[in-house]
Amino acid sequence: MKRTLKAIPLMLVVLMLTVVISACGNSSKVEVGIVLPTKDEQRWIQDEQRFTDALKDAKHSSEILFSQGSSAKEKENVDALIAKGIKVLIICPQDGDAAAAAIESAKKAGIKVISYDRLITNTDAVDYYVTFDSIAVGKAQAQYLVDHAKGNGQPLYLYAGAATDNNAFLFFEGAWSVLQPKIADGTFKIANSSEAVALQGTAKLAREEQSKIISQVTTSWEPSEAKNKAQTHLTAASADLKGDVAILAPNDGTARAIADVFASDKAVTSYVVTGQDAEKASVQYIIDGKQSMTVFKDVRTLVKDSITMALALLDDKTPETTGINNNGKKDVPAKQTDVIVVDKENVQSALIDSDYYKADDFKSK
Ligand code: BGC
């Protein structure tokens, strides 16, 4: 009996020490948390790789987590990083509105939040935004279609990104600003969206109008949805909506899926299809003549800018920005990067000679 009583306090002390030691242990301490949307797209694997390369020798500890297409998982990731004591969160939201809850918890914990590539919307918890010029992405895609248009009344198939992603609106806005005059002058004829046809006389669309078109032609950023929609559209299309066609595809993953469908339709004589991200698989498609172009967004720059911003914040300095983006709740100071159009003509110089990819990543045709 005596021995047991003595043993209990000793065990308690050991237990308390273990708790204290593990709480103070540096092993789980992280200063910069990075949350990316999904591992299922090459685009975000590129970002992970570039972050890992850039942070290899950094004196600050960091951790990258993936949300796997789920806002709930994203919130769990952010909570886990908050628990690890991060000071700065770099986050690319799965869903711009839904991510607000996650970053509001971070803000409450005194963490600075950098929205990465996609803007987190309708919350004042975003401190900064690091992004590419997304309007320019859409414009570049559309301009490519205009520059490669054949004759008059060419069928134009429109596809968009996920309606939960603010970028999908910016890409579409940029594209529409270039395409609409060319629809109005008869160069193109919209082939697959009654909503776009109803609005084809409107040069500048309000957000709700964009929303109507995007909801109709969204791919949700899913190649499978893009493929299903393209199949449905081609099945419904009359002969005058085939022949030589132009296709606005919002990114590489969806472009490849859509291109495969159009390539397998015998009544489609030729197609020009856009993309974005310079994913390796799409670079191969461009080399093989199966995808017309991509918009190269040099992820190294985006990663560098967000790390520079995070380091400034860790030092209590105000990071450099180049403009603002309104997220529905506040003007978010932003740093924006330009994009580059890549097609068969410049794929070598833009992506290989620039050391973005290695020549032996690809098979020449
Ligand atoms: C990004 C694109 C990407 C798309 C799908 C957008 O927000 O800017 O680069 O292709 O999401 O993940």
Side-chain angles (χ1 to χ4, degrees), residues 34-51 66-71 73-74 90-99 114-121 126 129-141 159-175 210 214 217-227 248-259 273-283 285 291 293-303 305-306 325 327 332 334-342 351 356:
I34 300 159
V35 178
L36 296 173
T38 177
K39 273 195 180 208
D40 295 341
E41 291 173 43
Q42 286 174 23
R43 161 67 216 266
W44 305 112
I45 304 273
Q46 284 189 50
D47 296 69
E48 179 193 33
Q49 185 59 52
R50 303 301 180 181
F51 267 116
F66 280 90
S67 309
Q68 289 313 103
S70 150
S71 295
K73 174 84 183 144
E74 180 178 77
I90 299 173
I91 173 169
C92 179
Q94 170 57 33
D95 172 316
D97 276 343
I114 302 172
S115 205
Y116 179 84
D117 192 286
R118 300 176 178 169
L119 187 56
I120 299 176
T121 37
V126 199
Y129 182 31
V130 179
T131 184
F132 291 102
D133 183 345
S134 296
I135 301 261
V137 171
K139 281 188 179 169
Q141 293 171 331
Y159 296 93
T164 50
D165 178 0
N166 187 58
N167 283 347
F169 287 80
L170 301 176
F171 301 145
F172 195 80
E173 180 180 334
Q210 291 171 346
I214 291 172
V217 298
T218 184
T219 58
S220 304
W221 292 134
E222 300 280 355
S224 57
E225 185 165 340
K227 179 182 172 192
L248 178 76
N251 75 346
D252 284 349
T254 57
R256 295 193 301 277
I258 294 167
V273 64
T274 61
Q276 120 169 253
D277 294 331
E279 289 189 351
K280 277 187 192 169
S282 277
V283 174
Y285 260 49
Q291 183 176 323
M293 62 87 84
T294 187
V295 179
F296 170 40
K297 311 204 299 193
D298 193 331
V299 170
R300 293 172 299 191
T301 312
L302 206 62
V303 162
D305 285 348
S306 49
N325 278 72
N327 79 340
V332 184
K335 176 107 177 33
Q336 196 164 285
T337 293
D338 292 339
V339 296
I340 298 167
V341 172
V342 173
L351 296 175
Y356 197 76

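In each ligand, atom 1 is the first atom listed, and ligand 1 is the first ligand listed.
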### Query
Would you call R256 and D252 a salt bridge, taking side-chain N to carboxylate O under 4.0 Å as the test?
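Judged by the 4.0 Å cut-off on N to carboxylate O distance, R256 and D252 do not form a salt bridge.
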Indicate whether the side chain of [X] and that of [Y] have a donor and an acceptor atom separated by less than 3.5 Å.
X: E279; Y: Y285; value: no
X: Q42; Y: K280; value: no
X: Q94; Y: S67; value: no

### Task
Report yes if some heavy atom in the side chain of W221 is under 4.5 Å from a heavy atom in the side chain of P250; otherwise report no.
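Yes, at least one pair of side-chain atoms sits under 4.5 Å.
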### Test item: E74 and I91 side chains (from C-beta on) under 4.5 Å apart, heavy atoms
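When only atoms from C-beta onward are counted, I91 and E74 do touch, with a gap below 4.5 Å.
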### Residue shell around ligand 1, heavy atom under 4.0 angstrom
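Lining ligand 1 at under 4.0 Å, by heavy atoms, one finds E41, R43, W44, D117, R118, D165, N167, F171, W221, N251, Q276, D277, K297.
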